[in-house]
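Heads up: the structure comes next, in structure tokens.
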Protein chains: 2
Amino acid sequence: MTHFVKDQDCTKCDLKSNLFCFLTDNQLDNINESRLEVNYKKGEVLFKKGGPLTHIICISKGMVKICLENNNGKQVLLELIKPVEFIIGPGFLIDEHHHFTVSAIEDTRACFIDIRIFKEVISKNSEFLMELIKYLNKHIIRHSDKISNLAHKHMHGKMADTLLYLADEVYHSDTFETFLSRQDLANISAITKESSIRILKEFKDDGIIDFNNMRFEILKKDSLLQISKNG
Amino acid sequence: MTHFVKDQDCTKCDLKSNLFCFLTDNQLDNINESRLEVNYKKGEVLFKKGGPLTHIICISKGMVKICLENNNGKQVLLELIKPVEFIIGPGFLIDEHHHFTVSAIEDTRACFIDIRIFKEVISKNSEFLMELIKYLNKHIIRHSDKISNLAHKHMHGKMADTLLYLADEVYHSDTFETFLSRQDLANISAITKESSIRILKEFKDDGIIDFNNMRFEILKKDSLLQISKNG
DNA sequence: GAATAATTATGATATATATCGTAATTAGCA
DNA sequence: TGCTAATTACGATATATATCATAATTATTC
């Protein structure tokens, strides 16, 4: 079982890499002592909305999706998390339960850190707290963009956003193979699965993207950006 | 010009009231020295999206709306802020510019606190930072609810949400008089102004609410909750 | 490797909602 | 007080999108 270590190159240490380089050795030891490592198969649920928020996690292998769920079981896929990123539920310091459902979209390993120890450690580390505030503000910005997009964009714009998100922020390549189903792509875009299939075909017919099965390639990024912009 | 003082009854000190009761006297003095007080007329803009984030503010009189704006000028009204609440833009510690447009919906007084002083003061106060994290997490929860609602609810459900938000969280009464226009109500609900007018009339015809002009009364809250729930 | 389940694909239809046009009402102002 | 501008109101129409049905393909299981 690997232990958290400080990032050698701390200039890269934005919240998306290793938050924990802002801890002292002593604090790291505390965290590492209580730490658990859990393996998940594709499809398995790590956290369920409404459940108790007892741990924060760090994804060390694979990929998970963070989903909103309403009363009628309808989902929005909010974010994909990959190594090495943390998931600190927004119930932290509020109601101490989960507001999102987190599940593995491929075989995944996650490190669990007891929230009581986490809280104790960080409450004495202002530098870490400031970084955590950065992390939360990034999410607030991302969520507010999402709200604006959902409110005003049509299906094509939403699907363009989804493809750009996957290429730019998740797979960091305009060609990528994904474990996400058409239903998942629909859930990111907040449209139906049938619509997502239709629009992807349209984009393919127009030569904007290509795909077979799970392998996608963005051919005309300009067009995609334009569609995203115009809604 | 009034100065910030510690809340006498600190049990009420959640982030919605006076964040600043978590500061030491010394820190409060620092803040108060640099503090500016500005008066706005109804309709005037306090912060514009894209502008530099040089201050955080505290609303001490009146009410402001926090709006998202997209490239085409379309807006979503995200939140209403009233005394005594703070507005700490999510660009804080990130890109140091505004992501929301904030404007007065009635005559308003706001206190401006220099972000450099704010940052310096809070960076040495873990207790305050923990409260700030609470404040941010509350917003993340609120925003994620909004995303879920926008993604899945129909107009009626969205408008029901809006009326419930105003009654329960803004005016704290099922009867309230508001400065919000039908366009504002539409912008909270993320529907068009015509639709907002139509649905309000429907609710009125069904005896769920009553209103003339700006004065609203919720008559059947159960129905409204049901409509909100079913989408 | 055949059988079954799950996912992807596509068309027909129904529905929700935006857009446009215009009238009625209210607010702001000289 | 009367005039102008803004907001509210409401109907007709167009459009976007969901829903439903069903076929084709791909994945999974025995």
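Remember, predicted model here, so these are calculated numbers, not experimental data. Throughout, a chain's letter reflects where its sequence line sits, starting with A, and its residues are numbered from 1. The figures here come from the full heavy-atom set of this structure, side chains too, leaving out hydrogens, waters and symmetry mates.
- Taking atom CD of residue A:Gln183 and atom P of nucleotide C:dA5, one finds them 20 Å apart after rounding to whole Å.
- Residue contacts for A:Lys193: at a heavy-atom cut-off of 4.0 Å it reaches a base atom on one of the strands shown.
- Rounded to an integer number of Å, the gap from CG of B:Leu180 to P of D:dA6 is 20 Å.
- Rounded to a whole Å, the NZ atom of A:Lys201 is 13 Å from the C1' atom of D:dA24.
- Taking atom CD1 of B:Ile197 as the reference point, atom P of D:dG11 lies 12 Å away to the nearest angstrom.
- Between A:His156 atom NE2 and D:dT15 atom C1' the separation is 13 Å, expressed in whole Å.
- Ion pairing between B:Glu177 and B:Arg215 holds under the 4.0 Å rule for side-chain N and carboxylate O.
- A salt bridge links A:Asp168 with A:Lys221: the closest approach of a Lys/Arg side-chain nitrogen to an acidic carboxylate oxygen falls below 4.0 angstrom.
- Distance, B:Asp184 CG to D:dA6 P: 16 Å, rounded to whole Å.
- Checking A:Ser195 against A:His154, the closest nucleotide of DNA chain C that is more toward the 5' end is the one next to A:Ser195.
- For B:Lys74, counting side-chain heavy atoms from C-beta on, the closest listed nucleotide (D:dA18, C:dA18, C:dT19) is C:dT19.
- Protein atom CE of B:Met214 is 10 Å distant from nucleotide atom P of D:dT7, rounded to whole Å.
- A sub-4.0 Å separation between OP1 or OP2 of D:dT17 and a side-chain N or O of A:Thr192 is absent.
- A salt bridge is absent between B:Lys61 and B:Asp107; no separation between the charged side-chain nitrogens and carboxylate oxygens falls under 4.0 Å.
- Stacking of B:Lys204 on the aromatic ring of B:Phe211 is recorded, both the 6.0 Å distance cut-off and the 45° axial limit being met.
- The phosphate of D:dA27 (OP1 or OP2) has a side-chain N or O of A:Asn213 nearer than 4.0 angstrom.
- One finds no side-chain N or O of B:Ser181 lying less than 4.0 angstrom from the OP1 or OP2 phosphate oxygen of D:dT7.
- Across C:dA9, D:dT8, C:dT10, the shortest atom-to-atom separation from the side chain of A:Phe211 is found for C:dA9.
- The salt bridge (Lys or Arg N to Asp or Glu O under 4.0 Å) test with B:Asp161 singles out one residue from B:Lys229, B:Arg142, B:Lys153, B:Lys146, and that residue is B:Lys153.
- Look at CZ on A:Arg198: it is 11 Å from P on C:dA12, rounded to the nearest Å.
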